[in-house]
2 protein chains.
Amino acid sequence: MESRYAKINVSVDNVIFGWDGEHLNILLIEQKRAPKNVHLSPRLAIPGDLVLVEEGLDDAANRILKELTKLEGIYLRQFEAFGDPSRVKEEKDQDWLKAFREDPDAHVITVAYFSLVRMDLVNPEASSFASNTLWVEMHNIPDLAFDHNRIIDKALRRLRQNVEQKSIGFELLPEKFTLTQIQSLYEAILDKKLDKRNFRKSIKKLDTIIPLNEKQVGVTHKPGQLFEYKPS
Amino acid sequence: MESRYAKINVSVDNVIFGWDGEHLNILLIEQKRAPKNVHLSPRLAIPGDLVLVEEGLDDAANRILKELTKLEGIYLRQFEAFGDPSRVKEEKDQDWLKAFREDPDAHVITVAYFSLVRMDLVNPEASSFASNTLWVEMHNIPDLAFDHNRIIDKALRRLRQNVEQKSIGFELLPEKFTLTQIQSLYEAILDKKLDKRNFRKSIKKLDTIIPLNEKQVGVTHKPGQLFEYKPS
DNA sequence: ACAAAAGTGTTGGAGATACACCCATGA
DNA sequence: TCATGGGTGTATCTCCAACACTTTTGT
């Protein structure tokens, strides 16, 4: 009764998008080095970890995010499970698996999430699964472990879909922001220019974006009106 | 190094939508009875099985579909992974788990798919995981095992989204069909009436639906023009 | 002739796109 | 006064929703 079924490791990987006001970034980690005497050159990856005993998928995703960023209550969304057995079989991945996993040949499926964080609120730290962390600009993502480049690609697609419908994205802005700041963010995510007047019209229709009686201060040009985001 | 990580069973469950020209149905199974002397009353569920050794998720979903229907190359789409540990902990599910699973307390995550099949092409059969099968009309789904009612609900939502964008659904129709047949299908899926003239306008804009030089035969009314679906 | 479904066009409103100039502030 | 980004309106087009009658076939 047992042997037909796969011994499967389930992990959760998290594509963490960060915004610094100018560029869209992704949080990468250096996968933890092997214990003791095993020497491995560091490998870049998106943050992820195996799911723990009695831990739900959403819980695991939140745990990973919190370990790295200390943040809770962040926008987080499951978008796809990746389970092709070959996703973990490339030669580049073997050494790492042998050094780390109880059963290096095990089939690993991963449930992928993406989340949105303000880079100014975060100072990512090493964690149980990461020896080091770094923000990398969207257009400069290097080759990563396993199929992580593909996962990022899918995450970005999903993010764009949601942004086109203006249903998410505001999580990346400061509490108070101008319309131009939203527009820059959207342009970075969608990777195209948008028309200012039309964009402003469409944003002002949303009742989740509410105008404040305040203006920017300390800028070297006409100060913009400030808005805030109230999740519906 | 091992004990923090969960021993996880990964299953794939498949919400199989069937269309008979009139109603939208879902294929349910009676979960296989326990071996030998264990007596269990049959439980209804959506088809699913644990993932096998070296089997991809899509492969598992296709296998389940093929075992039940003998069909291959059917429309099949992953839509969500369900992994809350409590999804398998309800009392109603315990007897079955104890009789069947090596480790009844294991955490089970399931990756859910939905697929679209023409009921006239299928005579579902019992299989390694199903002692019996039945089509049940969408509005009459009974209480099912685990969280399967919820999974169906999510599948239907996703199906509706796709249908509203007219990106899928034609897989459910015969090779040659009339515009009215598509409309009936869409009305059943969306559970609402659509305007005939507007619907026809929108369908005729799609270049995946191509008009044939043929008409219905043997009907007791003005015969309709036939169309076929060419996936893009 | 009747029953049954096929087939067909127009109008009005909403939303998207394209497009160019003046304004307020700090340096 | 200059540089920088803030702020604004109109015309056009496309897409969607509402709506009713005539046509073709089999019985």
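Chain letters run A, B, ... following the sequence lines, proteins first and then strands; every chain starts at 1.
- Note: CD (B:Gln181) to C1' (C:dA6) measures 12 Å, nearest angstrom.
- Within 4.0 Å (heavy atoms only), A:Lys204 reaches sugar-phosphate atoms of the nucleic acid but no base atom.
- Whole-Å rounding puts the A:Lys196 NZ to D:dG5 P distance at 10 Å.
- For B:Pro223, the side-chain atoms get nearest to D:dT24 when compared with the rest of D:dG5, C:dA27, D:dT24.
- As rounded to whole Å, 11 Å separates atom P of C:dA18 from atom CG of A:Leu194.
- Nucleotides of DNA chain C nearest to B:Arg197 and A:Arg197 differ in position, and the one nearer the 5' end is that of B:Arg197.
- Applying the 6.0 Å contact sphere to NZ of B:Lys66 captures no more than 12 heavy atoms from other residues, nucleotides or ligands.
- With distances taken from any side-chain atom of B:Asn198 to the nucleotides D:dT4, C:dA18, C:dG9, the minimum falls on C:dG9.
- Looking at the side chain of A:Arg200, the nearest of the listed nucleotides C:dT8, D:dG6, C:dA6 is D:dG6.
- With distances taken from any side-chain atom of A:Lys222 to the nucleotides C:dG9, C:dA6, D:dG7, the minimum falls on D:dG7.
- Taking atom NZ of B:Lys215 as the reference point, atom C1' of C:dA6 lies 9 Å away to the nearest angstrom.
- Closest to the A:His221 side chain, of the nucleotides C:dT8, D:dA18, D:dG6, is D:dG6.
- Of all nucleotides listed (C:dA27, D:dT8, C:dA6), C:dA6 comes nearest to the side chain of B:Thr180.
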Which donor-acceptor pairs under 3.5 Å do side chains of residues 199-211 of chain A form with protein atoms, sequence neighbours excluded?
residue  : atom : partner  : partner atom : Å
A:Lys201 : NZ   : A:Asn198 : OD1          : 3.3
A:Ser202 : OG   : A:Phe199 : O            : 2.9

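- Helix bend of the helix from C:dA1-D:dT27 to C:dA27-D:dT1: the angle between its two end axes, each built from five pairs, comes to 10° after rounding to 10°.
- Within a 6.0 Å radius of CZ in B:Arg77, other residues, nucleotides and ligands contribute 12 heavy atoms or fewer.
- Atom CG of A:Leu179 and atom P of D:dT8 are 9 Å apart (whole Å).
- Atom CZ of A:Phe199 is separated from atom P of C:dA16 by 13 Å (rounded to the nearest Å).
- Using bins of under 30°, 30° to 60° and over 60° for the plane-to-plane angle, the ring pair B:Phe17/B:Phe114 lands in the perpendicular bin.
- Distances were taken from every side-chain heavy atom of B:Asp195 (C-beta onward) to each of D:dG6, D:dA18, D:dC16; the shortest belongs to D:dA18.
- Remark: C1' of C:dG7 and CD of B:Gln225 are 10 Å apart, rounded to the nearest angstrom.
- Remark: P of C:dA18 and NZ of A:Lys192 are 10 Å apart, rounded to the nearest angstrom.
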| field | Stepwise side chain to side chain donor-acceptor pair (under 3.5 Å) test for B:Thr133 and B:Glu125 | value | CA-CA 6 Å; B:Thr133 68; B:Glu125 292 177 23; over 6 Å; no
| request: Please assess B:Phe170 against B:Glu228 for the test side chain to side chain contact (heavy atoms under 4.5 Å, CB included), listing each intermediate value before the final yes or no. | output: CA-CA 9 Å; B:Phe170 311 110; B:Glu228 68 181 4; over 6 Å; no
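- In the interface, the side chain of B:Lys201 is paired with the base of C:dT10 through a donor and an acceptor atom under 3.5 Å apart.
- Closest contact between the side chain of B:Thr220 and the listed nucleotides C:dA6, C:dG9, D:dG26 involves D:dG26.
- Within a 6.0 Å radius of NZ in A:Lys176, no more than 12 heavy atoms belonging to other residues, nucleotides or ligands are found.
- By the 4.5 Å heavy-atom criterion applied to side chains, B:Ile26 and B:Leu28 are counted as neighbours.
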